[in-house]
Amino acid sequence: MSRYDPQTLEAKWQSAWDEAQTFLAKADPDKPKYYVLEMFPYPSGRIHIGHVRNYTMGDVIARYKRAAGHTVLHPMGWDAFGMPAENAAMKEGGHPKDWTYNNIAVMRAQMKPLGLSIDWTREFATCDPEYYGQQQALFLDFLEKGLVYRKNAVVNWDPVDMTVLANEQVIDGKGWRSGAEVERRELTQWFFKISDHSEELLSALDGLDNWPAKVKTMQANWIGMSRGLQFSFALTERAGDFEGIEVYTTRPDTLMGASFVGISADHPLAKKLEKDNSAIAAFCAEVRKGATNEEAIEKAEKLGFDTGLRVKHPLNPDWELPVWIANFILMDYGTGAIFACPAHDQRDLDFCRKYDLPVIDTFYALDDTTPVTTEAFVPPKTDTVKWVNHFAGLDEATGQDAIDATIDFAEAAGWGEGKTQYRLRDWGLSRQRYWGCPIPVVHCDACGVVPEKKENLPIALPYDSGNEPIDFSIPGNPLDRHPSWRDVPCPACGKPAKRETDTMDTFVDSSWYFARFTAPRAETPTDADAAAYWMNVDQYIGGIEHAILHLLYSRFFARAMNITGHLPDSATEPFDALFTQGMVTHAIYQTTDAQNGRPVYHYPEEVELRDGKGFLKADGREVQIIPSAKMSKSKNNVVDPVAIIEQYGADTARWFVLSDSPPERDVEWTAAGAEAAYKHLNRVWSLCDRIGQMDPDAPGQGDEDLKRAMHKAIFDVTSGVESFGFNAAIAKLYAFTNTIQKSKASHAVQREAIMTLAQLMAPMTPHLAEDIWAHQGGTGLITNAPWPDVDETMLVEDTVTLPIQVNGKRRSEITVPKDMDKAEVEKLVMEDDAVQRALQNGPLKKLIVVPGRIVNVVI
RNA sequence: GCGGGCGUGAUGGAAUGGUAGACAUACCAGACUUAAAAUCUGUUGGGGCGUAGCCCCGUGUGGGUUCGAGUCCCACCGCCCGCACCA
């Protein structure tokens, strides 16, 4: 008897696929096309078991669609620009380019043994000048169409290192290297005008039927459409050019509860005031300390400063309100100024209590008119409430009705205007870093900002030029310190000018790579025919962490590329279907350092598991097991796919990552689970071997039963794969394997069953499937064999078992012909022993028969 | 802080509002073996009773809708993802 030998057979079939160029994506007029794409990886250096899961899922879809008669595009590339390469250069020396391409080579070599059905001829990295040169061409076209512009924006500034920090480099408001308190500083930066498309990006979500509802909800909330009132509070005395303060509010109905007017520290009025008032300047400087991210701003203690200015209430000129500068008001949203209604907003209430400002109720619950004290009264806008003294004449009305009435009232009276606002801000793409796509413009003293000429593209990053080395040991952008790269003649007037030294956000790179895959070597960003043929991505697969930014930016880019003629109208929503997979987790094995009490983390290889407890192999000490933790190098709980593939083969790794958990949820990697997957594949192989040795002429029993089980398996696995129920499909494959194993059917039927099993397993374990196919004398490659058809007539059962519930609890069951008359079922139910017993406790109240499903007897 | 999601045996999980625990892991028992491993077979949510069977409890917690709730609604607890310069 032969042995399952994955190392040999996997290498063998991978070469067979390579030789036949099986996975080359080719346009084929006789077949429907299918484009499956997994979010491409960042070349961190090693593949991660999470990659294995992500790419295996995509591969299952790709292989299944091929078998089901599609011509498939399944490409792979590298999201290769970004900070880790520069960080590595800072820490260990070397060059980001070398680091990146080395990592790519290592990861490609690690990925190939997985046997993914990828068209490797289309591979590219975003740091290839051929790719980012086309990205620069896109930028120039966007610029021409007004989709890009420059404005001031705040960044995290490290005053010690004199450098811009990314949010992740700011830890508790301090720079990660210097430890200095970070400040917000304004720089002139490039922006994509994504906000012009807010309405469209929001409304088009409705058409994305095959996207998870949660992702659409998150995007909708992120875009954040609101309807409100914009109006001006007149200042009692002018302050410079300011006669009033323009505010935007989504709750204009609470205007009678206004207690102060608040402005952002970045509001033009605040900036004007701080020039002449050192106390205000000090306060604004204080507010500008700390990180720029919204989370930090929201969590910070609420601070305010009374400017001494006063405004008139629009409904009552005798009513004056103070003007405060507050740290929780964002200049980016609305007008950068608000009025506060503490009775109906917790944040405003906390602020007013802190600074002893008045709290005025504007409405009460219908049954409770207790005034607000420490907790703001914030019912849903759909609730009907009782109004205290509403200027639009309302008594009892919902919040929404009151808002609408207020906007109408203000518009009729002429002091305000109903306005639709979006929370979505323009996308800042400038990064003060080296390892990114250079922004292809030149700054000229005479001509201003001048776009590069397209024939000069790509504007390539300098690698190293003699006495101008790319040095990462000092902070700041090396491009700034590289005169021969930076100093160029102006493309317009030819006078000396300077290149833009900022590079692009790496989100730009990943916002159009899916389009580039359709024609990766084209001399323009896309090729019209190829894009028209292969777009859209039929199935996109990636992590939920990209639910908002990457996917929203890509949706915007597809529109911008359409406007500039790089994508057809049909591709403005680039991803027809989206699937978000969960992470692969692993237990953490932890002990405590006796000296300093700090946790010590142990690698899985160092730990022996017994009876659910873990012990160190070295000295037998028990370790604490923290289950299902996100894999992290610092916690030593990373599983190396390379080691798994060496030990068990790729098919085992693929089978395991698909088997245990639903794909959208996290899966915990366990050694026992991997072992079990390996054992099962061995079992399937032995089964194939056994069937191969059967006497073809010996009579069998239960041929019909095995055929029925086979068609049931085809049906179940097909629907499982189609609906991303990979774990359920695998459970059915286990069950079908068990059925074949126990079957005494004839050789012909068993052979048909094992070959069908191989076909059904082929998307998950392609190497083993090929081997079984060859072993049983199948024609050609199983990878090229059509997906098995299900014979629907084999699925029909003649009888059905109906559970009988008494008051909703299962008490008995009856087996009846499938199409039995309802009245007849009722009669049988009433004769049932359990029902008879139950009837002794009381009379029958109701009898519910759901045909083919269930019976409920209500006593 | 804000937005989104998840929570089921010892473990991973299954279950169009319709028999909770499919399929697997682990454990236990048996077969094979000098023995072990491997392999195969079987049992296993918890509790109880008059133990061929029947009853009670059980899907994070507390309420609600329904003939019927793991599934729908409300509140709470815990964990995860995102918050615009991580990718």
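All chains are named by letter (A, B, ...) in the order of the sequence lines, taking the proteins before the strands, and each is independently numbered beginning at 1.
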The criterion is ring pair (Phe, Tyr, Trp, His ring centres under 6.0 Å); which residues satisfy it with A/His680, sequence neighbours excluded?
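A/Trp655, A/Tyr734.
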
Between A/Gln805 and A/Ala213, which has a closest nucleotide on RNA chain B that is more 5'?
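Result of the comparison: A/Ala213.
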
Start at the 5' end of RNA chain B and walk down; is the nucleotide closest to A/Arg347 or to A/Glu675 reached first?
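With A/Arg347 and A/Glu675 compared, the 5'-side residue is A/Arg347.
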
Please determine, by modelled atom types, if [X] and [Y] share a side-chain donor-acceptor pair under 3.5 angstrom.
X: A/Ser812; Y: A/Asp832; answer: yes
X: A/Thr163; Y: A/Asp158; answer: no
X: A/Gln135; Y: A/Asp509; answer: yes
X: A/Trp211; Y: A/Gln219; answer: no
X: A/Tyr333; Y: A/Ser226; answer: yes
X: A/Tyr553; Y: A/Asp505; answer: no

All N/O contacts under 3.5 Å from nucleotides 83-87 of chain B to the protein, with atom names and distances to one decimal?
residue : atom : partner  : partner atom : Å
B/C83   : N4   : A/Glu295 : OE1          : 3.1
B/C83   : N4   : A/Glu295 : OE2          : 3.2
B/A84   : OP2  : A/Glu294 : N            : 2.9
B/A84   : O5'  : A/Asn167 : ND2          : 3.4
B/A84   : N6   : A/Arg423 : O            : 3.1
B/A84   : N1   : A/Arg425 : N            : 2.9
B/C85   : OP2  : A/Arg431 : NH2          : 2.9
B/C85   : O4'  : A/Arg431 : NE           : 3.1
B/C85   : O4'  : A/Arg431 : NH2          : 3.2
B/C85   : O3'  : A/Asn167 : N            : 3.3
B/C85   : O2'  : A/Asn167 : N            : 2.6
B/C85   : O2   : A/Arg433 : NH2          : 2.1
B/C85   : N4   : A/Gln189 : OE1          : 3.0
B/C85   : N4   : A/Ser430 : O            : 3.4
B/C85   : N4   : A/Gln432 : OE1          : 3.1
B/C86   : OP2  : A/Asn167 : N            : 3.3
B/C86   : OP2  : A/Glu168 : N            : 2.9
B/C86   : O4'  : A/Glu168 : OE1          : 3.1
B/A87   : OP1  : A/Met83  : N            : 3.0
B/A87   : OP2  : A/Thr506 : OG1          : 3.2
B/A87   : O3'  : A/Asp79  : OD2          : 3.0

In residues 851-859 of chain A, which residues come under 4.0 Å of RNA chain B by heavy atom?
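Only A/Arg853, A/Ile854, A/Asn856, A/Val858 qualify.
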
Rounded off to whole Å, could you give me the [atom1]-to-[atom2] distance for the [X] and [N] pair?
X: A/Ile730; N: B/U25; atom1: CD1; atom2: C1'; answer: 15 Å
X: A/His680; N: B/A24; atom1: NE2; atom2: P; answer: 8 Å
X: A/Lys809; N: B/A69; atom1: NZ; atom2: C1'; answer: 12 Å
X: A/Ile297; N: B/G1; atom1: CD1; atom2: P; answer: 16 Å
X: A/Glu664; N: B/C6; atom1: CD; atom2: P; answer: 9 Å
X: A/Asp832; N: B/U19; atom1: CG; atom2: C1'; answer: 14 Å
X: A/Gln219; N: B/G82; atom1: CD; atom2: C1'; answer: 12 Å
X: A/Glu813; N: B/C54; atom1: CD; atom2: C1'; answer: 16 Å

Enumerate the residue pairs fulfilling side-chain hydrogen bond (donor to acceptor under 3.5 Å, both in side chains) with a member in residues 721-731 of chain A, sequence neighbours excluded, ordered by first and then second residue.
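The answer is A/Tyr64-A/Glu722.
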
By side chain to side chain donor-acceptor pair (under 3.5 Å), which residues pair with [X], not counting sequence neighbours?
X: A/Thr250; answer: none
X: A/Arg251; answer: A/Asp253
X: A/Lys91; answer: none

In whole Å, what separates the [atom1] atom of [N] from that of [M]?
N: B/A37; M: B/A29; atom1: P; result: 12 Å
N: B/G18; M: B/U51; atom1: P; result: 37 Å
N: B/C6; M: B/C56; atom1: P; result: 33 Å
N: B/U8; M: B/A69; atom1: C1'; result: 13 Å
N: B/A38; M: B/A52; atom1: C1'; result: 37 Å
N: B/C74; M: B/C80; atom1: C1'; result: 23 Å
N: B/G45; M: B/C40; atom1: P; result: 22 Å
N: B/U25; M: B/U61; atom1: P; result: 29 Å

Has A/Asn738 got a side-chain N or O lying under 4.0 Å from the OP1 or OP2 atom of B/A24?
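The answer is yes; a side-chain N or O of A/Asn738 sits under 4.0 Å from OP1 or OP2.
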
Side-chain N or O of A/Asn727 versus OP1/OP2 of B/G12: is the shortest distance under 4.0 Å?
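For A/Asn727, the contact criterion (side-chain N or O under 4.0 Å from OP1 or OP2 of B/G12) is not met.
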
May I have the list of side-chain donor-acceptor pairs in residues 842-854 of chain A shorter than 3.5 Å, sequence neighbours left out?
none

A/Met76: partners by side-chain contact (heavy atoms from CB on, under 4.5 Å), with sequence neighbours left out
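A/Met76: side-chain contact (heavy atoms from CB on, under 4.5 Å) contacts with A/Glu38, A/Pro41, A/Tyr55, A/Met111, A/Ile118, A/Trp120.
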
Which residues pass the side-chain contact (heavy atoms from CB on, under 4.5 Å) test with A/Ile171, not counting sequence neighbours?
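Partners of A/Ile171 by the side-chain contact (heavy atoms from CB on, under 4.5 Å) criterion, ordered by chain and then number, come out as A/Trp176.
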
Of the candidate nucleotides B/G82, B/C54, B/G18, which contains the atom at the shortest distance from the side chain of A/Ile548?
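The answer is B/G82, which lies nearest to the side chain.
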
Kindly point out which of B/G82, B/U19, B/G4 is positioned nearest to the side chain of A/Met218?
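Selected nucleotide: B/G4.
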
Classify A/Ala676 by what it touches in the nucleic acid, base, sugar-phosphate, or nothing, heavy-atom distance under 4.0 Å.
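Sugar-phosphate contact only.
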
Verify the ring-centre separation between A/Trp512 and A/Tyr131: is it less than 6.0 angstrom?
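Centroid distance A/Tyr131-A/Trp512: below 6.0 Å, so yes.
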
For A/Tyr132 together with A/Phe81, are the ring centres under 6.0 Å from each other?
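Yes, they do, as the ring centres are separated by less than 6.0 Å.
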
Can you give the dot-bracket line for RNA chain B, using ( ) for pairs inside the strand, [ ] for pairs that cross earlier ones, | for pairs with another strand and . for unpaired bases, where Watson-Crick and G-U count if both distances are under 3.5 Å?
(((((((..(((.....[....)))(.((((.......)))).)(((((...)))))..(((((..]....))))))))))))....

Mind telling me whether B/G9 is syn or anti, cutoff 90° either side of 0?
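In terms of base orientation relative to the sugar, B/G9 is syn.
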
Nucleotides 39-52 of chain B: protein proximity per nucleotide (B base, S sugar-phosphate only, - neither; heavy atom, under 4.0 Å)
SSS-----------

